[in-house]
Amino acid sequence: TINANSATIGADGDRNTFNLAGGDIGITSDSGNTDNITGLNISYNDFASSNAAAYTGIDLGDDFASNAITMTDNDMTTPITVGIKLASGTATITKSNITSAAGAGIGIQLAGGTGHNIGTADTWANRNTLSNLAAAIQIDDGTVVASTVTVTFNDLSTGNTLEIDNNDANAVLSAIKNYFSVTTDP
């Protein structure tokens, strides 16, 4: 449980591995209070199910105000309930590979916060690959203004029921130069 400033979970060349049972959450924050946590970096982590039941990889609550959150190279394998869920902060999510099975689960769920960047403009090497999910990216209604979110240079092409599920009825989501099918380019 994250409840301090400047926390770093994972490092390049020294990956963490989380083996989670069904219903478990790998990394979470202390949602009981609104801490206004700063400097969070969750990078270079691997998540998997230890018992073939769905888990949630990262679930960050209302603890970050609009502070920056960096998430790089967090890989999750089937089955998942939610790969990455954010309820606050301003996240940049890159190089993550989130794969479920048979169109189940949500890859990245934005349930709060603002100004999130999923992928990096003009940098295919930083792409997120989200596969075999009910929704690769989901924007919740009433909690995230979709027009403040940028989704670019991601691979959403394999087996997703919905590549992007924008539930914000009042705003358009910017999602340019993503790989949506096997016949288009970013």
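Side chains included, hydrogens not; waters and symmetry mates left out as well; all remaining heavy atoms used.
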field: The single option from Thr120, Ile118, Ile176, Asp122 passing side-chain contact (heavy atoms from CB on, under 4.5 Å) against Phe153
entry: Asp122
- prompt: Do Thr1 and Asn3 meet the criterion of a side-chain donor-acceptor pair at a distance under 3.5 Å?
  reply: no
Test item: Tyr44 and Thr72 side chains (from C-beta on) under 4.5 Å apart, heavy atoms: yes
message: Is there a side-chain contact between Leu60 and Ile37 in this structure, where contact means two heavy atoms from C-beta onward sitting under 4.5 Å apart?
response: no
- prompt: Is the side chain of Ser100 donor-acceptor paired with the backbone N or O of Leu133 at a distance under 3.5 Å, no angle test?
  reply: no
- prompt: Any donor-acceptor pair under 3.5 Å linking the side chain of Asn166 with the backbone of Ala171?
  reply: yes
Heavy-atom donor-acceptor pair, Asn74 side chain to Ser96 backbone, under 3.5 Å: no
field: Check: Gln138 main-chain N/O paired with Asn167 side-chain donor or acceptor under 3.5 Å
entry: no
- prompt: Quick check: does any side chain N or O of Asn178 sit under 3.5 Å from a backbone N or O of Asn154, one acting as donor and the other as acceptor?
  reply: yes
message: Any non-hydrogen side-chain atom of Leu86 less than 4.5 Å from a side-chain atom of Phe64?
response: no
Close side-chain approach of Ile84 and Met76, heavy atoms under 4.5 Å: yes
- prompt: Just by distance, with hydrogens left out, do Thr99 and Asn97 show a side-chain donor and acceptor under 3.5 Å apart?
  reply: yes
- request: For the pair Tyr179 and Trp124, name the ring-plane relationship: parallel under 30°, tilted 30 to 60°, perpendicular over 60°.
  value: perpendicular
query: Any luck finding a side-chain donor-acceptor pair between Thr148 and Thr114 under 3.5 Å?
result: yes
message: Is any side-chain heavy atom of Val149 closer than 4.5 Å to one of Asp168?
response: no
